[in-house]
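Encoded as structure tokens, the structure appears first; notes follow it.
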Amino acid sequence: MKRLTKKEEVIMEMFWEKGPMYVKEVQELFPEPRPHINTVSTQVRTLQANGYLSHVANGNSFQYYPTISKEEHLNTNIINIVEKGLGSSFITLVSTFVKREKLSVEELKELVRQIENKE
């Protein structure tokens, strides 16, 4: 999937939080001054074209919904970062968290347990 821009990420956060919505509902979630409805519509259609959203037709309107969960999106981003920035080395990723004390010994042990129990 194509990487999200900051604006697209804001819109996706809205969908992940609120669920299916019409473009007008998305626009109303923005703080004042809100972007023009056409701007929001274009961004939503771009997200759909890139596979992040789909829609259901209700009369002349479309209700959009996410096709990918926030967790799936985050997992894909992490894998892309590791593959592109760390030469596919997940050990480098984990060791970075350990060095910065973002990952405890207990959490590392839990990771080892998960790996050992994976079928």
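Note that the coordinates shown come from a computational prediction; the quantities given were computed from them, not determined experimentally.
A salt bridge is absent between E116 and R113: the closest approach of a Lys/Arg side-chain nitrogen to an acidic carboxylate oxygen does not fall below 4.0 angstrom. A salt bridge is defined here as a Lys NZ or Arg NE, NH1 or NH2 lying under 4.0 Å from an Asp or Glu carboxylate O, and K109 with E106 meets this definition.
Atom CD of E9 is separated from atom CG of L47 by 10.5 Å, given to the nearest 0.5 angstrom. The structure places CG of L4 at 7.0 Å from CG of N77, a figure rounded to the nearest 0.5 Å. Rounding to the nearest 0.5 angstrom, the gap separating the OG1 atom in T42 from the NE2 atom in H36 is 10.5 Å. Remark: T76 OG1 to E71 CD distance equals 10.5 Å, nearest 0.5 Å. A distance of 11.0 Å separates CG in L74 from CD1 in I79, rounded to the nearest 0.5 Å. To the nearest 0.5 angstrom, N75 atom CG is 9.0 Å from I68 atom CD1.
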For this session: For the pair V26 and F15, evaluate side chain to side chain contact (heavy atoms under 4.5 Å, CB included) and give the outcome as yes or no after the intermediate values.
Result: CA-CA 8 Å; V26 175; F15 278 102; 3.6 Å; yes
Problem set entry | Audit row: M12, L53, side chain to side chain contact (heavy atoms under 4.5 Å, CB included) steps and yes/no | CA-CA 9 Å; M12 285 307 299; L53 297 175; 3.8 Å; yes
Exercise. Should V10 and M14 be marked as a side chain to side chain contact (heavy atoms under 4.5 Å, CB included) after you check the CA-CA gap, both sets of side-chain angles, and the distance that decides it?
Worked result: CA-CA 7 Å; V10 167; M14 292 174 181; 3.9 Å; yes
Exercise. Would K6 and E8 count as a salt bridge (charged side-chain N to carboxylate O under 4.0 Å, His left out) if you check the C-alpha gap in whole Å, the side-chain angles of each, and the deciding distance to 0.1 Å?
Worked result: CA-CA 5 Å; K6 296 277 187 206; E8 290 169 342; over 6 Å; no
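F62 and Y65 are assigned to two separate hydrophobic clusters, defined by single-linkage of ILVMFWY side chains at heavy-atom distances under 4.5 Å. No continuous path of ILVMFWY side-chain contacts below 4.5 Å connects Y22 to Y64, so the two sit in separate hydrophobic clusters.
For the pair L108/V94, a side-chain contact is recorded, criterion being any heavy-atom separation below 4.5 Å from C-beta on. Between M21 and L29, some side-chain heavy-atom pair lies under the 4.5 Å cut-off. Using a 4.5 Å cut-off on side-chain heavy atoms (C-beta onward), Q27 and T39 make no contact. Counting heavy atoms from C-beta on, the side chains of P66 and Y52 never come closer than 4.5 Å. Residues L103 and L111 meet the side-chain proximity criterion, which asks for heavy atoms closer than 4.5 Å. Between E13 and K70 the shortest side-chain heavy-atom distance falls below 4.5 Å.
In this structure, H73 and W16 have tilted ring planes: the angle between them lies in the 30° to 60° band.
Heavy-atom neighbours of Q114 CD from other residues, nucleotides or ligands within 6.0 Å: above the threshold of 12.
Between P35 and V40, the closest heavy-atom pair is CG-CG2, 3.7 Å.
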